[in-house]
Number of protein chains: 2
Amino acid sequence: MTPVHTEPVHTEPVDRRAQRRAAKRAQILAAAWTLAHREGLAGISLRDLADLVELRQPSLYAYFESKHDLYDAMFAEGNRQLLARVAELELSQDPRTATKEMVRALVQFSTDDIVRYQLLFQRPIPGFEPSVASYALAVEFFEFGRARLVAAGVTDPEDFDVFTALVAGLADQQVANDPGGDRWVRHSERVGDMFFADIDRRRRAAQRDAQRTTTRSDAKGASA
Amino acid sequence: MTPVHTEPVHTEPVDRRAQRRAAKRAQILAAAWTLAHREGLAGISLRDLADLVELRQPSLYAYFESKHDLYDAMFAEGNRQLLARVAELELSQDPRTATKEMVRALVQFSTDDIVRYQLLFQRPIPGFEPSVASYALAVEFFEFGRARLVAAGVTDPEDFDVFTALVAGLADQQVANDPGGDRWVRHSERVGDMFFADIDRRRRAAQRDAQRTTTRSDAKGASA
DNA sequence: GTCTATATTCGGATAGAC
DNA sequence: GTCTATCCGAATATAGAC
């Protein structure tokens, strides 16, 4: 009963301690997602969360500095999942096909978990702003998307704005009106084709204009 | 000072009473929008609201049965404003042009007041569902939009789903990333053209397929 | 690191006098 | 219809013992 040495009890290797701590943190995070699915993101209460992981509510503060800190961890986790999803995609060699595959993956990812979608792409928690570290993950995905479009020959920022609107619209409608389904997911390729057809159409129009200007004003001079 | 008859004081015509009441209700509603712009939709507190209209907080219950009832009135008002906006549009005779004008008007309407947009098109208040009467206004606008597309020859529900996604995407990106600006508003016509070009392109493809089937199997027989 | 106990704040809603 | 007074609930966060 009465230990002769208290030393051995306290000499649990630091690695083990950190490991146990990380595991508990992960458990709390998982429980937070469960609660968010049940009550909504804003509906998570630290009391309920503590119950789920068999802790008292104040003990959560040993793992997260505040509720916002918890949201921030969820935001980071969601973004890492998104990055992992696109990383495993085995994209086509054809850059346009690859772009459409990415669009579908993103819309599918959105409908797979709508509270995750809300946390990543909407602002459902008043006052919550991700930390710079977490936000960097979001930027990383954004830049990945842009790179796919650049590879497909789309470099104009205006074109990219149009593209983001198309993707956002598919995801938004999917999540809002057919959560978990595929009513808008299945239009991903079509919308991608629509976008590239528009790019081509505008390029032809621009070429035609340039042609007309050249022939009319000066046979082969530089335009003013 | 001391009234001989109390009667005249109480015989204020019912019309006047109702009028005063309606005016106060409108004042409260306007104050609620002001607060929503300042603190967010979910950030409205009945105490602050009462302060703004020089009432005590419980007195608000003489005008609204509950906070949800207040949100419902705001939801209805926003939808009436949207219907009024499109009603005054003087749409073009050409149905495709008219459709694009409507798209621009909706995206512009969204960026004109982002909390109104959130209330009408997102679900920022957990647990709030509009009443049937208010929801009917939203349906009315939806049907107006569908009628414009039918007039433009677009009747396939799948096509309409794609269309709603495009519009939702423009509004969503506009509100989220350039509130009050026009970074996505200005792409309204382009996206409309993109959509109709896609409709045409798919029709040509369908015709070509039908042609090929007919010529190959039976010169002029009905397809199986 | 976990606990008990509590501080603190704030919210919507109700009772009942006038 | 408006008021004062109050209820009731819920939430995050902190203090301090163990």
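These numbers were taken from a predicted model, which means no experiment stands behind them. Letters A, B, ... mirror the listed sequences (proteins, then strands); counts begin at 1.
Counting only N and O atoms by type, the side chains of B:Gln81 and B:Arg116 include a donor and acceptor under 3.5 Å apart. For the 3.5 Å distance criterion, the side chains of A:Gln108 and A:Asp112 qualify, holding a donor opposite an acceptor.
Among the protein residues, B:Tyr63 comes within range of the sugar-phosphate backbone only, with heavy atoms under 4.0 Å from sugar or phosphate atoms but none that close to a base. Within 4.0 Å (heavy atoms only), B:Ile44 reaches sugar-phosphate atoms of the nucleic acid but no base atom.
Counting to the nearest Å, the C1' atom of C:dG12 and the OH atom of B:Tyr71 are 11 Å from each other. The nearest whole Å value for the distance from the CG atom in A:Leu55 to the C1' atom in C:dT2 is 8 Å. As a whole-Å value, the separation of A:Tyr61 OH from C:dG1 P is 17 Å. Whole-Å rounding puts the A:His68 NE2 to D:dA11 P distance at 16 Å. Rounded to an integer number of Å, the gap from A:Lys24 NZ to C:dT2 P is 7 Å. Atoms CZ (A:Arg25) and P (C:dT2) sit 13 Å apart, rounded to a whole Å. Spacing between atom CZ of B:Phe64 and atom C1' of D:dT2 amounts to 16 Å, rounded to whole angstrom units. Atom CG in A:Leu35 sits roughly 11 Å away from atom P in D:dT12 (whole-Å rounding).
Closest-nucleotide positions on DNA chain D for A:Asp48 and A:Glu65 were compared, and the one nearer the 5' end corresponds to A:Asp48. Nearest-nucleotide positions on DNA chain C place A:Ala62 closer to the 5' end than the other of A:Ala62 and A:Pro58.
Picking from C:dT2, C:dG11, D:dT12 the nucleotide with the shortest atom distance to the side chain of A:Ser59 gives C:dT2. Comparing D:dT14, D:dA11, C:dG11 against the side chain of A:Ser45 picks out D:dA11 as the nearest.
Looking at B:Glu39, its side chain never comes within 3.5 Å of a backbone N or O of B:Ile44 through a donor-acceptor pair.
A donor-acceptor contact under 3.5 Å is not formed by the side chain of A:Arg47 with the base of D:dA10.
A:Phe163 and A:Phe160 have parallel rings, their planes meeting at less than 30° on a 0 to 90° scale where 60° marks the start of perpendicular.
The phosphate of C:dT4 has OP1 or OP2 within less than 4.0 Å of a side-chain N or O from A:Arg56.
For A:Arg96 and A:Asp193, the salt-bridge test fails: no basic side-chain N is under 4.0 Å from an acidic carboxylate O.
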